[in-house]
Asker: 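Starting off with a structure, shown below.
Residues take their numbers from the sequence shown, with the count starting at 1. Computation of the quantities below employed the complete heavy-atom set of this structure, encompassing side-chain atoms and omitting hydrogens, waters and symmetry-equivalent molecules. Just so it is clear, the structure is predicted and the values come from calculations on it, not from any experiment.
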Amino acid sequence: QSTLINAMKIAVRRIGGKSTLREFLQGTWKFNRSMTHTENGRSLGSVHNATATFSPVEAVTQNGNSTTNTTNTNTEVQHQQLLYREEGNVIFGKVSANSTSISFYREYLYTFISPTSADVSFWRPNNEEEHMKFFHNLQVSEEGVGATSEHLCIDDLYRATIQILSDCNFNATWVVDGPNKKYTIK
C-alpha cells in the first residue's frame, strides 16, 4: 500500500499537481511557438500570444461518430477525451517590421488511455479522410519528461514530446523529418 501511495505522490508531482495528464491540460493556455529548420537553424516562422483550449467533448468513437448510448462505459470515455483547439497568428520567416501575420486554427481530439498518456487524432469533421485519423501519442514518464512518440505520415516522420515543467507550464515539441520536411516546432 505504501508503494501505491509513493507512486501517487510521484504522479502528482509529475503532472503539475494534478492526478492525471487530462486534469492538468484541461482549460485555456497561452503559448508561443517557434519553427526552425532542423539542419541550419533558420527561422521558418513563429507564433506569439496564441491560445490553446482543452475542452470536454461528447464521447466520440474511433470512426468519429458521437456515442448516443449513456452507459457507464461511454461516460468513462467522455471523461477521458478533450477537444484541443489552438488559434492565433503565425508569421512565416524571420520577424521584421514588414512581417505579415496569418491567422490559423487547428483542432485535435485527445483520448486519454491512461493517467499519463493520450492518443491524439486529427479533428476535422468536414474532412472524411482526415477526421479522427491517428496523429501520435503523448506520454509523461515517471521523471516528468515526455516519452517521444513517432508517427510516419507518408514519407515524413513526426516525433512528438511533451514535458510538464510546473503546475502552469509545459513544453510540446515536434521534430519533423522527411525528404521535403526538416523542421522543429517548439
Side-chain angles (χ1 to χ4, degrees), residues 7-38 41 43-57 59-60 62 76-90 104-124 130-153 156-178 181-186:
M8 289 303 293
K9 286 179 182 176
I10 290 169
V12 168
R13 261 197 327 268
R14 175 182 65 232
I15 311 173
K18 303 293 184 181
S19 61
T20 66
L21 182 59
R22 181 191 177 282
E23 289 176 27
F24 174 77
L25 291 173
Q26 187 172 339
T28 300
W29 298 80
K30 292 290 187 185
F31 71 93
N32 298 315
R33 182 173 290 151
S34 65
M35 297 167 278
T36 56
H37 193 280
T38 305
S43 175
L44 300 174
S46 59
V47 174
H48 299 279
N49 297 314
T51 302
T53 304
F54 289 88
S55 304
V57 64
V60 178
Q62 194 58 31
E76 289 170 15
V77 169
Q78 180 176 0
H79 291 300
Q80 296 304 316
Q81 291 181 322
L82 292 175
L83 180 61
Y84 171 83
R85 180 182 173 95
E86 64 179 34
E87 53 191 312
N89 293 297
V90 62
F104 74 92
Y105 80 92
R106 277 300 258 194
E107 293 178 316
Y108 300 95
L109 182 68
Y110 281 58
T111 301
F112 294 86
I113 56 176
S114 79
T116 59
S117 67
D119 283 341
V120 181
S121 302
F122 294 101
W123 185 261
R124 297 182 182 151
E130 291 289 319
H131 187 53
M132 297 298 296
K133 184 177 177 182
F134 178 78
F135 183 36
H136 59 78
N137 177 272
L138 288 180
Q139 182 173 349
V140 179
S141 72
E142 290 295 322
E143 295 79 30
V145 176
T148 299
S149 166
E150 294 184 347
H151 170 74
L152 187 62
C153 181
D156 303 314
L157 182 62
Y158 287 74
R159 292 183 188 96
T161 306
I162 185 171
Q163 180 178 5
I164 307 300
L165 302 175
S166 71
D167 63 346
C168 61
N169 196 0
F170 71 93
N171 280 341
T173 303
W174 293 268
V175 176
V176 184
D177 190 26
K181 295 181 181 178
K182 292 190 183 311
Y183 59 87
T184 300
I185 302 173
K186 288 185 177 186

Asker: What class does the angle between the rings of His131 and Trp123 fall in, given that below 30° is parallel, 30 to 60° is tilted and above 60° is perpendicular?
Answerer: perpendicular
Asker: Can you list the steps and then say if Tyr108 with Ser121 is a side chain to side chain contact (heavy atoms under 4.5 Å, CB included)?
Answerer: CA-CA 5 Å; Tyr108 300 95; Ser121 302; over 6 Å; no
Asker: Let me confirm one number: the CD-CZ distance from Gln81 to Phe112, rounded to the nearest 0.5 Å.
Answerer: 9.5 Å
Asker: Check whether any side-chain N or O of Asn32 sits under 3.5 Å from a backbone N or O of Asn49 as a donor-acceptor pair, and report yes or no.
Answerer: yes
Asker: Check whether any side-chain N or O of Ser117 sits under 3.5 Å from a backbone N or O of Gln139 as a donor-acceptor pair, and report yes or no.
Answerer: no
Asker: What heavy-atom pair brings Ala50 and Gly88 nearest, and what distance separates the two atoms?
Answerer: CB-CA, 4.0 Å
Asker: Show me, pair by pair, the donor-acceptor contacts under 3.5 angstrom made by side chains of residues 164-177, not counting sequence neighbours?
Answerer:
{"from": "Ser166", "atom 1": "OG", "to": "Cys168", "atom 2": "N", "distance (Å)": "3.3"}
{"from": "Ser166", "atom 1": "OG", "to": "Asn169", "atom 2": "N", "distance (Å)": "3.3"}
{"from": "Trp174", "atom 1": "NE1", "to": "His136", "atom 2": "NE2", "distance (Å)": "3.1"}
{"from": "Asp177", "atom 1": "OD1", "to": "Lys182", "atom 2": "NZ", "distance (Å)": "2.8"}

Asker: Looking at every heavy atom in both Ala160 and Leu138, which two are closest together, and how far apart are they?
Answerer: CB-CD2, 4.0 Å
Asker: So how far is it from Ser34 OG to Lys186 NZ, rounded to the nearest 0.5 Å?
Answerer: 7.0 Å
Asker: Flag the pair His151 / Leu157 as yes when at least one side-chain heavy-atom distance between them is below 4.5 Å, and no otherwise.
Answerer: no
Asker: How close do Ser19 and Pro115 get, heavy atom to heavy atom, and via which atoms?
Answerer: O-CB, 4.3 Å
Asker: Can you check whether Lys30 reaches Thr51 side chain to side chain, under 4.5 Å on heavy atoms?
Answerer: yes
Asker: From Leu21 CG over to Ile113 CD1, what is the distance, rounded to the nearest 0.5 angstrom?
Answerer: 10.5 Å
Asker: Is any side-chain heavy atom of Tyr84 closer than 4.5 Å to a side-chain heavy atom of Leu109?
Answerer: no
Asker: Just to verify, what does Ser55 make a side chain to side chain contact (heavy atoms under 4.5 Å, CB included) with, not counting sequence neighbours?
Answerer: Thr53
Asker: For Tyr110, does the six-membered ring have the charged nitrogen or CZ of Arg22 within the cation-pi criterion, i.e. under 6.0 angstrom from the centroid and within 45° of the normal?
Answerer: no
Asker: For Glu130, which residues count as a side chain to side chain contact (heavy atoms under 4.5 Å, CB included) partner, sequence neighbours excluded?
Answerer: Phe122, Arg124, Asn127, Lys133
Asker: Tell me whether Arg106 is salt-bridged to Glu87, with the criterion being a basic N under 4.0 Å from an acidic carboxylate O.
Answerer: no
Asker: Rounded to the nearest 0.5 Å, how far apart are OG of Ser149 and CD1 of Ile162?
Answerer: 11.5 Å
Asker: Does Phe31 reach the side chain of Val47, with side-chain heavy atoms less than 4.5 Å apart?
Answerer: yes
Asker: Would you confirm whether Thr38, through its side chain, and Tyr183, through its main-chain N or O, come within 3.5 Å as a donor-acceptor pair?
Answerer: yes
Asker: Output the distance between atom CD (Glu86) and atom CD (Glu107), rounded to the nearest 0.5 Å.
Answerer: 10.0 Å
Asker: Rounded to the nearest 0.5 Å, what separates atom NZ in Lys18 from atom CD in Gln26?
Answerer: 9.5 Å
Asker: Return the minimal non-hydrogen interatomic distance between Leu82 and Phe54, and the atom names on each side.
Answerer: CD1-CB, 3.9 Å
